[in-house]
Amino acid sequence: MAREFQRGHKAKISDLTPGTDLYVGVQIAAPGLTFDISCFGLDANEQLSDDRYFIFFNQPKSPEESIQLLGAQSGDTESFRVTLDRIPAAIQKLSFTATLDGSGQMSQIGPGYIRIVAGGEEVVRYAFTGSEFTTERAVMLGDFYLKDVWRFAAVGQGFDGGLDALLKNFGGEVAEEEAPPAAAPAAAPGFAPPAQAAAPPAFGAPPAAQAPQPAPSFGAPPAPAPSPAPQQPMHAAPTIAAPLAPQTPQAPQAPSPYGQPHQPQQPQFGQVPGQGAPPAPPFGQQAPAPYGQPAPAPYGQQPPVGMPPGVPQGMPQGVPQGAPATGAGLQAALQPYKEAATGQRWTPQNQQLMRVDLTMGGSGVLARQGSMVMYQGKVDFGYKSAGFVGRAVGNATGQEMQLMRCTGRGQVFLAEEGSHLHPIELQGDAICVSAESVLAFDESLQYEVRRVEGHGIPGGALFTMQFQGTGTVIVKTHGTPVVLPVTPTTFADCNAVVAWSAASQVIVSTQVRLRRNAYPGHSGETVNLQFRGAPGNFIVVQPYEV
């Protein structure tokens, strides 16, 4: 149950929750007023000594991504993700603030709050109203501060001078705003859904720009736009599937001045935020030699005349033959396939292998029995009962949902039959995944098994798992999936559908007349699933069926 704070109340974070991966939501509104909600990362003198830790809409994350701006979701005007154990030692305080963009006063606001969510549960809330303020135009809502351990304080203090006074208080200044350039129409995304309340996970299509509620933290790179193009109708734009191979992220860009538009960069598809790995050369090929050194001779070729065997080309005479060769030998051949450790809880090693670090996150992992291919450290594996509904899934489909619980301190590597694996990070939102497509998920997520009944479906029903809360679920597919927007005429084969938005309505549909089944060349798909829902809903389909 959440603890209710009043102005001035303080508490240790460890007394509120054992976790360090926190969700911070702010709700503030008033008729006709616009608010900018930001987070200031301050040093021991409570000064903004590093501009990279001023997190706002033009700079949505810190360099190491310990502080991330998530956008509006779950009823919050703005939300953040804060990973306390990744914040650098130079940052001693995080101050969450709200400022008025334009005229008005804080006394005009309605009931609002700042809250902390951990593990899918709200642990603390500080509620406020406009009666607590008078002529302020900027207000400090709550602080995370380091005093031997991290603590939280409900502040509720403001400044009449607005953003200027707030920045001066933290040792910063406002850049002079220039006349903004003429805005060009944005290019249509891959499947061109309209602005929506819940953006779909970008399995293969880029997310809609500045959606009110952010998609789960995985996605494709933004579609290149060499020239402005008018917005296409939702049903006219083509569907695009992006490659799944992890790609090296671009270097972080310098923050734009406050108040200037900027498009935040999205992580590459299939990549945990903050992760990047250089592309590996094909199997059996050598890595390129360092700059300034000649490349080694191809495998099987003899060295030049006069060069001792085993000495790479270009190595001067007199160098001991025991010296390590650059780009050759057993170590060089295995280098592209070494373990990728990025400091994240979930790390894809390649398209078919996922690594989970149990020392991070503070909770266990539930995975399919038999999906473990290797583990390191002290890891305990226990049987997780699927319950009555899980046994019903096994009886009806022949595929029992047998789970194992992984706990301890170590790393576990998961895979199944070479399927492509996709980490989907949820931040308080929900998604439905076909039970056959679930490989593993954080135990902190709330989940339930649902049954979609229908005549003609293999086994008599389709079983799905709905996940909600804060955590990661690993979805497996056969091949590269594609994301489609839900329209009044969206149908999918029940064996090919992988996942869909939790708000979508699923209906079993029989569209083929019996007489057509006798015709040669008929597809045989007599039963389909029809999806309905408001704009913004989506389905994920794989290029494979049983």
| request: Test side chain to side chain contact (heavy atoms under 4.5 Å, CB included) on D442 and T472 and set out the steps. | output: CA-CA 6 Å; D442 283 323; T472 300; 3.6 Å; yes
| Does any N or O in the side chain of T477 come within less than 3.5 Å of the main-chain N or O of Q542, such that one atom is a donor and the other an acceptor? | no
| task | Give the intermediate values and the outcome of side-chain hydrogen bond (donor to acceptor under 3.5 Å, both in side chains) for residues E425 and Q427. | result | CA-CA 7 Å; E425 186 174 358; Q427 290 290 341; 3.2 Å; yes
| task | Working to the nearest 0.5 Å, report the span between NZ of K61 and CD1 of I67. | result | 13.0 Å
| task | Give a yes or no answer on whether the side chain of S74 reaches the backbone of D76 with a donor-acceptor pair at less than 3.5 Å. | result | no
| query | Would you say I87 and F144 make side-chain contact, with heavy atoms under 4.5 Å? | reply | no
| Closest heavy-atom pair and its distance - M465, Y447 | CE-CD1, 3.6 Å
| field | Any side-chain donor near an acceptor of the partner, Q73 and S79, under 3.5 Å | value | yes
| query | Do the ring planes of F5 and H9 sit parallel (below 30°), tilted (30 to 60°) or perpendicular (above 60°)? | reply | perpendicular
| request: If a pair satisfies salt bridge (Lys or Arg N to Asp or Glu O under 4.0 Å) and one of its residues is in residues 530-544, list it, with sequence neighbours excluded. | output: none
| query | Is there a donor-acceptor contact under 3.5 Å linking the side chains of E64 and S66? | reply | yes
| request: Take F531 and L484, measure what side chain to side chain contact (heavy atoms under 4.5 Å, CB included) needs, and give me the verdict at the end. | output: CA-CA 11 Å; F531 292 86; L484 296 171; over 6 Å; no
| said: If you define the side chain from C-beta out and look only at heavy atoms, does anything of Q344 sit under 4.5 Å from W346? | reply: no
| side chain to side chain donor-acceptor pair (under 3.5 Å) with E416: which residues, sequence neighbours excluded? | K476
| message | Can you tell me if Y375 has over 12 outside heavy atoms packed within less than 6.0 Å of its OH? | response | no
| request: Taking only Lys NZ, Arg NE, NH1 and NH2, and the carboxylate oxygens of Asp or Glu, determine whether R345 and D21 approach each other closer than 4.0 Å. | output: no
| Given Q352 and S419, is the side chain to side chain contact (heavy atoms under 4.5 Å, CB included) satisfied, shown in steps? | CA-CA 6 Å; Q352 293 88 22; S419 299; over 6 Å; no
| Do any N or O atoms from the side chain of T83 and from the backbone of D85 form a donor-acceptor pair under 3.5 angstrom? | no
| Do P543 and T480 come within less than 4.5 Å of each other through their side chains, counting heavy atoms only? | no
| Do side-chain atoms of N350 reach the backbone of L353 as a donor and acceptor pair under 3.5 angstrom? | yes
| Taking every non-hydrogen atom, the tightest pair across M404 and S371 | CE-OG, 3.7 Å
| request: Any chance you could measure R3, atom CZ, to I116, atom CD1, to the nearest 0.5 Å? | output: 10.5 Å
| Is there a side-chain contact between F381 and V379, using heavy atoms and a 4.5 Å cut-off? | yes
| Looking only at heavy atoms, which two atoms of I13 and G19 are closest? And how far apart? | CG2-O, 4.3 Å
| Are any of the side-chain heavy atoms of I424 and I431 separated by less than 4.5 Å? | yes
| field | Straight-line distance of C39 SG to I55 CD1, nearest 0.5 Å | value | 6.5 Å
| said: Is it the case that the side chain of Q68 and the backbone of R81 share a donor-acceptor pair, with hydrogens and angles ignored and the cut-off at 3.5 Å? | reply: no
| So, D429 side chain and L426 main chain: donor-acceptor pair closer than 3.5 Å or not? | no
| task | Could you walk me through whether W150 and T20 pass side chain to side chain contact (heavy atoms under 4.5 Å, CB included), step by step? | result | CA-CA 10 Å; W150 281 103; T20 59; over 6 Å; no
| query | Do the side chain of Q59 and the main chain of F54 share a donor and acceptor less than 3.5 angstrom apart? | reply | yes
| said: Can a donor-acceptor pair be found, under 3.5 Å and without considering hydrogens, that links the side chain of S501 to the backbone of F538? | reply: yes
| remark: When every non-hydrogen atom of G471 is compared with those of L445, the smallest separation belongs to N-CD2, 3.6 Å
| Check: R409 side chain, G377 main-chain N or O, donor-acceptor pair, under 3.5 Å | no
| request: Locate the shortest heavy-atom distance separating Q411 from R355; write the atom from each residue and the value. | output: CG-NH2, 3.2 Å
| How many angstroms lie between atom CZ of R86 and atom CD of E65, to the nearest 0.5 angstrom? | 6.5 Å
Under 3.5 Å, which donor-acceptor pairs link side chains of residues 88-98 to any protein atom two or more places apart or in another chain?
residue: Q92; atom: NE2; partner: A89; partner atom: O; Å: 2.7
residue: K93; atom: NZ; partner: E46; partner atom: OE2; Å: 3.2
residue: K93; atom: NZ; partner: D143; partner atom: OD2; Å: 3.4
residue: S95; atom: OG; partner: D143; partner atom: OD1; Å: 3.0

| said: Any heavy-atom pair between the side chains of V365 and L358 that's under 4.5 Å? | reply: yes
| When you measure from the side chain of D380 to the backbone N and O of T407, does any donor-acceptor pair fall under 3.5 Å? | no
| Is there side-chain contact between S434 and V497, with heavy atoms separated by less than 4.5 Å? | no
| task | List the atom of P423, the atom of L421, and the distance in Å for their closest heavy-atom pair. | result | CD-O, 4.2 Å
| message | Could you measure the distance from the OH atom of Y126 to the CD1 atom of I114? Nearest 0.5 Å is fine. | response | 9.5 Å
| query | Do the side chains of V438 and F467 get nearer than 4.5 Å, heavy atoms only? | reply | yes
